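The block underneath contains the structure these notes are about, expressed in C-alpha coordinates.
Every chain is numbered from 1 and lettered A, B, ... according to where its sequence line falls, protein lines coming before strand lines. Since the structure is predicted, the reported quantities are computational estimates derived from the model, not experimental observations.
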Number of protein chains: 2
Amino acid sequence: MVKSKLPYVCGIDAAIDVVGGKWKVLILWALDHGTTRRFADLRRELPGVSEKVLIQQLRELAADEVVHREVFHEVPPHVEYSLTEFGDSLNEALRPLGAWGRRHIKTIEANRRPAEFDIATG
Amino acid sequence: MVKSKLPYVCGIDAAIDVVGGKWKVLILWALDHGTTRRFADLRRELPGVSEKVLIQQLRELAADEVVHREVFHEVPPHVEYSLTEFGDSLNEALRPLGAWGRRHIKTIEANRRPAEFDIATG
DNA sequence: GACCCCACTTACTTCTTGGTAAGTACCCCA
DNA sequence: TGGGGTACTTACCAAGAAGTAAGTGGGGTC
(Lines give C-alpha, C1' and ligand atoms only; values in the text may rest on other atoms or scores of the structure.)
Protein backbone atom coordinates (compact mmCIF):
# COMPACT_ATOMS: atom_id res chain seq x y z
CA MET A 1 0.00 0.00 0.00
CA VAL A 2 1.22 3.41 -0.94
CA LYS A 3 1.47 5.95 1.80
CA SER A 4 -0.15 9.29 1.09
CA LYS A 5 1.97 12.33 1.68
CA LEU A 6 1.12 14.36 4.73
CA PRO A 7 -0.91 16.39 5.29
CA TYR A 8 -3.84 14.43 3.94
CA VAL A 9 -6.02 16.15 1.39
CA CYS A 10 -9.15 14.33 2.54
CA GLY A 11 -10.47 11.88 5.08
CA ILE A 12 -10.39 8.85 2.81
CA ASP A 13 -6.72 9.45 2.22
CA ALA A 14 -6.08 9.30 5.93
CA ALA A 15 -8.30 6.28 6.49
CA ILE A 16 -6.70 4.28 3.70
CA ASP A 17 -3.29 5.12 5.06
CA VAL A 18 -4.29 3.52 8.35
CA VAL A 19 -5.86 0.48 6.78
CA GLY A 20 -3.75 0.00 3.66
CA GLY A 21 -1.23 -2.66 4.69
CA LYS A 22 -1.62 -6.03 3.04
CA TRP A 23 -2.91 -7.75 6.15
CA LYS A 24 -4.37 -4.87 8.16
CA VAL A 25 -8.04 -5.24 7.34
CA LEU A 26 -7.72 -8.95 7.94
CA ILE A 27 -6.25 -8.24 11.37
CA LEU A 28 -9.04 -5.76 12.05
CA TRP A 29 -11.57 -8.37 10.99
CA ALA A 30 -9.98 -11.05 13.20
CA LEU A 31 -10.26 -8.70 16.18
CA ASP A 32 -13.83 -7.66 15.41
CA HIS A 33 -16.65 -7.97 17.98
CA GLY A 34 -14.34 -7.43 20.95
CA THR A 35 -12.27 -10.48 20.13
CA THR A 36 -8.89 -10.83 21.84
CA ARG A 37 -6.07 -12.72 20.15
CA ARG A 38 -2.51 -13.67 20.91
CA PHE A 39 0.27 -13.20 18.40
CA ALA A 40 0.39 -16.92 17.63
CA ASP A 41 -3.41 -17.04 17.25
CA LEU A 42 -3.31 -14.29 14.64
CA ARG A 43 -0.52 -16.08 12.77
CA ARG A 44 -2.71 -19.13 12.53
CA GLU A 45 -5.77 -17.12 11.49
CA LEU A 46 -3.94 -15.33 8.67
CA PRO A 47 -2.43 -18.12 6.63
CA GLY A 48 0.48 -16.86 4.57
CA VAL A 49 1.53 -13.95 6.74
CA SER A 50 5.11 -13.97 7.97
CA GLU A 51 6.01 -13.21 11.57
CA LYS A 52 7.95 -10.15 10.54
CA VAL A 53 5.13 -8.58 8.60
CA LEU A 54 2.46 -9.51 11.12
CA ILE A 55 4.35 -7.82 13.93
CA GLN A 56 5.11 -4.85 11.75
CA GLN A 57 1.46 -4.32 10.90
CA LEU A 58 0.33 -4.91 14.47
CA ARG A 59 2.83 -2.30 15.65
CA GLU A 60 1.63 0.18 13.06
CA LEU A 61 -1.99 -0.42 13.99
CA ALA A 62 -1.02 0.03 17.63
CA ALA A 63 0.83 3.27 16.80
CA ASP A 64 -2.35 4.42 15.07
CA GLU A 65 -4.23 3.62 18.30
CA VAL A 66 -6.46 1.22 16.42
CA VAL A 67 -5.18 -1.91 18.12
CA HIS A 68 -4.45 -2.37 21.82
CA ARG A 69 -1.41 -4.45 22.80
CA GLU A 70 -1.29 -5.79 26.32
CA VAL A 71 1.55 -7.74 27.87
CA PHE A 72 0.70 -10.19 30.64
CA HIS A 73 3.66 -10.59 32.97
CA GLU A 74 2.69 -14.02 34.14
CA VAL A 75 4.56 -17.30 33.96
CA PRO A 76 4.74 -17.88 31.06
CA PRO A 77 4.24 -14.31 29.88
CA HIS A 78 2.14 -13.57 26.81
CA VAL A 79 0.68 -10.72 24.76
CA GLU A 80 -2.92 -10.04 23.82
CA TYR A 81 -4.17 -7.92 20.96
CA SER A 82 -7.61 -6.36 20.75
CA LEU A 83 -9.35 -3.40 19.11
CA THR A 84 -9.49 -0.06 20.85
CA GLU A 85 -12.74 1.89 20.71
CA PHE A 86 -11.11 3.87 17.94
CA GLY A 87 -10.41 0.66 16.07
CA ASP A 88 -13.96 -0.44 16.62
CA SER A 89 -15.27 2.76 15.05
CA LEU A 90 -12.92 2.17 12.12
CA ASN A 91 -14.30 -1.33 11.65
CA GLU A 92 -17.81 0.11 11.61
CA ALA A 93 -16.81 2.64 8.98
CA LEU A 94 -15.30 -0.15 6.89
CA ARG A 95 -18.46 -2.24 6.85
CA PRO A 96 -20.16 -0.55 3.87
CA LEU A 97 -16.98 -0.85 1.84
CA GLY A 98 -16.72 -4.50 2.82
CA ALA A 99 -20.31 -5.06 1.77
CA TRP A 100 -19.63 -3.36 -1.58
CA GLY A 101 -16.57 -5.52 -2.14
CA ARG A 102 -18.41 -8.68 -1.19
CA ARG A 103 -21.28 -7.80 -3.50
CA HIS A 104 -18.95 -7.23 -6.47
CA ILE A 105 -16.08 -9.58 -5.69
CA LYS A 106 -16.71 -11.70 -8.79
CA THR A 107 -16.61 -8.68 -11.09
CA ILE A 108 -13.49 -7.32 -9.44
CA GLU A 109 -11.66 -10.61 -9.62
CA ALA A 110 -12.68 -11.09 -13.23
CA ASN A 111 -11.38 -7.63 -14.17
CA ARG A 112 -8.16 -8.28 -12.29
CA ARG A 113 -7.20 -11.40 -14.19
CA PRO A 114 -8.23 -10.90 -17.80
CA ALA A 115 -5.61 -13.41 -19.00
CA GLU A 116 -6.77 -16.28 -16.85
CA PHE A 117 -9.74 -18.56 -17.34
CA ASP A 118 -12.47 -19.27 -14.85
CA ILE A 119 -12.92 -22.72 -16.28
CA ALA A 120 -10.40 -25.38 -15.40
CA THR A 121 -7.52 -25.52 -17.84
CA GLY A 122 -7.10 -28.94 -19.46
CA MET B 1 -0.36 0.17 -2.51
CA VAL B 2 0.10 -3.54 -2.08
CA LYS B 3 -2.08 -5.77 -4.18
CA SER B 4 -3.84 -8.56 -2.38
CA LYS B 5 -3.35 -11.98 -3.79
CA LEU B 6 -6.29 -13.45 -5.65
CA PRO B 7 -8.69 -14.80 -4.77
CA TYR B 8 -9.69 -12.27 -2.15
CA VAL B 9 -10.39 -13.58 1.30
CA CYS B 10 -13.02 -10.91 1.99
CA GLY B 11 -14.86 -8.01 0.42
CA ILE B 12 -12.72 -5.32 1.99
CA ASP B 13 -9.66 -6.92 0.47
CA ALA B 14 -11.23 -6.62 -2.97
CA ALA B 15 -12.48 -3.07 -2.42
CA ILE B 16 -9.12 -1.82 -1.18
CA ASP B 17 -7.45 -3.42 -4.15
CA VAL B 18 -9.65 -1.32 -6.43
CA VAL B 19 -9.17 1.87 -4.49
CA GLY B 20 -5.65 1.48 -3.16
CA GLY B 21 -3.56 3.46 -5.64
CA LYS B 22 -2.04 6.64 -4.33
CA TRP B 23 -4.38 8.93 -6.26
CA LYS B 24 -7.40 6.74 -6.86
CA VAL B 25 -9.72 7.96 -4.15
CA LEU B 26 -8.81 11.51 -5.11
CA ILE B 27 -9.78 10.76 -8.70
CA LEU B 28 -13.01 9.17 -7.50
CA TRP B 29 -13.69 12.24 -5.40
CA ALA B 30 -12.98 14.58 -8.30
CA LEU B 31 -15.51 12.69 -10.42
CA ASP B 32 -18.14 12.54 -7.69
CA HIS B 33 -21.71 13.80 -8.24
CA GLY B 34 -21.69 12.96 -11.95
CA THR B 35 -18.81 15.29 -12.64
CA THR B 36 -17.04 14.93 -15.98
CA ARG B 37 -13.38 15.85 -16.33
CA ARG B 38 -10.75 15.92 -19.03
CA PHE B 39 -7.28 14.55 -18.50
CA ALA B 40 -5.77 18.00 -18.18
CA ASP B 41 -8.50 19.07 -15.74
CA LEU B 42 -7.68 16.14 -13.46
CA ARG B 43 -3.99 16.95 -13.62
CA ARG B 44 -4.74 20.44 -12.38
CA GLU B 45 -7.09 19.18 -9.67
CA LEU B 46 -4.57 16.71 -8.27
CA PRO B 47 -1.50 18.81 -7.64
CA GLY B 48 1.60 16.67 -7.47
CA VAL B 49 0.46 13.80 -9.67
CA SER B 50 2.58 13.03 -12.70
CA GLU B 51 1.05 12.40 -16.11
CA LYS B 52 2.35 8.84 -16.14
CA VAL B 53 0.79 7.88 -12.84
CA LEU B 54 -2.47 9.71 -13.49
CA ILE B 55 -3.02 7.88 -16.75
CA GLN B 56 -1.99 4.60 -15.20
CA GLN B 57 -4.51 4.96 -12.39
CA LEU B 58 -7.24 6.16 -14.75
CA ARG B 59 -6.65 3.11 -16.93
CA GLU B 60 -6.78 0.79 -13.93
CA LEU B 61 -9.98 2.38 -12.69
CA ALA B 62 -11.40 2.04 -16.19
CA ALA B 63 -10.34 -1.63 -16.31
CA ASP B 64 -12.16 -2.06 -12.99
CA GLU B 65 -15.24 -0.53 -14.64
CA VAL B 66 -15.30 2.21 -12.05
CA VAL B 67 -14.41 5.05 -14.40
CA HIS B 68 -15.76 5.65 -17.87
CA ARG B 69 -13.40 6.98 -20.54
CA GLU B 70 -14.94 8.55 -23.60
CA VAL B 71 -13.09 9.85 -26.63
CA PHE B 72 -14.69 12.68 -28.60
CA HIS B 73 -13.62 12.51 -32.21
CA GLU B 74 -14.14 16.16 -32.87
CA VAL B 75 -11.71 18.78 -34.04
CA PRO B 76 -9.79 19.05 -31.86
CA PRO B 77 -10.47 15.62 -30.30
CA HIS B 78 -10.54 15.22 -26.53
CA VAL B 79 -11.22 12.68 -23.80
CA GLU B 80 -13.69 12.83 -20.93
CA TYR B 81 -13.62 10.83 -17.73
CA SER B 82 -16.61 10.19 -15.50
CA LEU B 83 -17.83 7.64 -12.96
CA THR B 84 -19.80 4.63 -14.05
CA GLU B 85 -22.78 3.55 -11.96
CA PHE B 86 -20.48 0.97 -10.46
CA GLY B 87 -18.03 3.73 -9.55
CA ASP B 88 -20.84 5.75 -8.08
CA SER B 89 -21.82 2.85 -5.82
CA LEU B 90 -18.18 2.56 -4.77
CA ASN B 91 -18.07 6.23 -3.86
CA GLU B 92 -21.20 5.77 -1.75
CA ALA B 93 -19.59 2.82 0.04
CA LEU B 94 -16.52 4.94 0.68
CA ARG B 95 -18.41 7.78 2.33
CA PRO B 96 -18.52 6.35 5.88
CA LEU B 97 -14.79 5.65 5.72
CA GLY B 98 -14.21 9.16 4.46
CA ALA B 99 -16.28 10.56 7.29
CA TRP B 100 -14.30 8.49 9.81
CA GLY B 101 -11.02 9.73 8.37
CA ARG B 102 -12.17 13.32 8.35
CA ARG B 103 -13.34 13.05 11.94
CA HIS B 104 -10.01 11.66 13.12
CA ILE B 105 -7.59 13.23 10.66
CA LYS B 106 -5.75 15.20 13.36
CA THR B 107 -5.17 12.08 15.44
CA ILE B 108 -4.02 10.07 12.46
CA GLU B 109 -1.63 12.74 11.25
CA ALA B 110 -0.23 13.19 14.74
CA ASN B 111 0.41 9.45 15.08
CA ARG B 112 2.01 9.37 11.65
CA ARG B 113 4.66 11.99 12.33
CA PRO B 114 5.87 11.47 15.89
CA ALA B 115 9.20 13.16 15.11
CA GLU B 116 7.73 16.38 13.75
CA PHE B 117 6.27 19.31 15.63
CA ASP B 118 2.87 20.80 15.05
CA ILE B 119 4.15 24.20 16.08
CA ALA B 120 6.27 26.14 13.65
CA THR B 121 9.95 25.38 14.03
CA GLY B 122 12.04 28.49 14.77
C1' DG C 1 8.05 29.91 -37.42
C1' DA C 2 7.82 29.66 -32.37
C1' DC C 3 5.11 28.43 -28.88
C1' DC C 4 1.26 26.62 -26.32
C1' DC C 5 -2.46 23.08 -25.47
C1' DC C 6 -4.21 18.24 -25.61
C1' DA C 7 -3.47 13.36 -24.42
C1' DC C 8 -0.67 10.50 -24.00
C1' DT C 9 3.99 6.97 -24.24
C1' DT C 10 8.56 5.49 -23.02
C1' DA C 11 12.79 4.70 -20.58
C1' DC C 12 15.09 5.02 -16.43
C1' DT C 13 15.56 5.46 -11.36
C1' DT C 14 14.22 5.32 -6.63
C1' DC C 15 11.65 4.04 -2.73
C1' DT C 16 8.56 1.22 -0.13
C1' DT C 17 6.57 -3.11 0.95
C1' DG C 18 6.60 -7.48 1.72
C1' DG C 19 8.91 -12.15 1.77
C1' DT C 20 12.69 -15.49 3.42
C1' DA C 21 15.30 -17.25 6.72
C1' DA C 22 17.78 -17.27 10.63
C1' DG C 23 18.65 -15.99 15.48
C1' DT C 24 17.21 -14.58 20.43
C1' DA C 25 15.46 -15.49 25.04
C1' DC C 26 12.55 -17.48 27.99
C1' DC C 27 9.42 -21.24 29.61
C1' DC C 28 7.33 -26.10 29.97
C1' DC C 29 7.35 -31.13 29.32
C1' DA C 30 9.17 -35.82 28.86
C1' DT D 1 18.89 -32.95 26.67
C1' DG D 2 15.85 -32.61 23.01
C1' DG D 3 11.72 -30.81 21.38
C1' DG D 4 7.91 -27.70 21.48
C1' DG D 5 5.63 -23.24 22.49
C1' DT D 6 5.62 -17.89 23.22
C1' DA D 7 6.93 -13.49 21.09
C1' DC D 8 9.59 -11.47 18.86
C1' DT D 9 14.35 -9.24 16.10
C1' DT D 10 17.60 -8.95 12.41
C1' DA D 11 19.67 -9.04 7.89
C1' DC D 12 19.17 -9.63 3.29
C1' DC D 13 16.46 -9.76 -1.07
C1' DA D 14 12.80 -9.16 -4.68
C1' DA D 15 8.79 -7.08 -6.63
C1' DG D 16 6.25 -3.37 -7.72
C1' DA D 17 4.55 1.23 -7.28
C1' DA D 18 5.60 5.75 -8.07
C1' DG D 19 8.70 9.71 -9.58
C1' DT D 20 11.51 12.07 -13.29
C1' DA D 21 12.13 13.46 -17.62
C1' DA D 22 11.89 13.31 -22.24
C1' DG D 23 9.52 12.30 -26.64
C1' DT D 24 5.24 11.88 -29.82
C1' DG D 25 1.76 13.77 -32.89
C1' DG D 26 -1.98 16.31 -33.62
C1' DG D 27 -4.15 21.20 -33.54
C1' DG D 28 -4.64 26.11 -32.77
C1' DT D 29 -2.57 30.93 -32.01
C1' DC D 30 0.28 35.05 -32.49
* To do: Keeping the roles fixed (side chain from B:R112, backbone from A:D17), state whether a donor-acceptor pair exists under 3.5 Å.
  => yes
* Under-4.0 Å side-chain N/O to phosphate OP1/OP2 contact, B:Y81 with C:dC8 -> yes
* Have a look at A:F72 and say if it touches a base, only the backbone sugar-phosphate, or nothing, with a 4.0 Å heavy-atom cut-off. => nothing
* Calculate the interatomic distance between A:H73 atom NE2 and C:dA25 atom P; express it in whole Å. => 19 Å
* Min side-chain heavy-atom separation B:W23-B:L54 under 4.5 Å -> no
* Asked: Starting at CD of B:Q56 and ending at C1' of C:dC8, how long is that distance when rounded to a whole Å?
  -> 13 Å
* Structure fact -> B:L97 and A:L97 have their tightest heavy-atom pair at CD2-CD2, 4.2 Å
* **Heavy atoms of other groups near A:E70 CD, more than 12 under 6.0 Å** => yes
* What integer distance in Å separates A:H78:NE2 from D:dT6:P? -> 11 Å
* B:P76 or A:I55: which one's nearest nucleotide on DNA chain D is closer to the 5' end? -> A:I55
* Structure fact -> Closest to the 5' end of DNA chain C, once A:W23 and B:E51 are matched to their nearest nucleotides, is B:E51
* Structure fact -> Here the residues of residues 37-47 of chain B within 4.0 Å heavy-atom distance, strictly under, of DNA chain D are none
* **Under-4.0 Å side-chain N/O to phosphate OP1/OP2 contact, B:R59 with C:dC8** => yes
* Asked: Salt bridge check: are B:R95 and B:D32 linked by an N-O gap of less than 4.0 Å?
  -> yes
* Residue-phosphate contact under 4.0 Å: B:K52 side-chain N/O, D:dA17 OP1/OP2 -> no
* Asked: Which atoms form the tightest heavy-atom contact between B:L58 and B:Y81, and what is the distance?
  -> CD1-CZ, 3.7 Å
For a quick test of your reading: what N or O donor-acceptor pairs under 3.5 Å do the side chains of residues 99-108 of chain A make, sequence neighbours left out?
{"unit_1": "A:W100", "atom_1": "NE1", "unit_2": "B:S89", "atom_2": "OG", "d": "2.8"}

* Nearest to the side chain of A:V75, which nucleotide is it out of C:dC28, C:dC6, D:dA7? -> C:dC28
* To do: Starting from C1' on D:dT9, measure out to CG on A:L54 and report it in whole angstrom.
  => 14 Å
* Looking at the side chain of B:K22, which of C:dA7, C:dG19, D:dA18 is the nearest nucleotide? -> D:dA18
* With sugar-phosphate meaning primed atoms plus P, OP1 and OP2, does A:Q57 contact a base, only sugar-phosphate, or nothing at under 4.0 Å between heavy atoms? -> sugar-phosphate
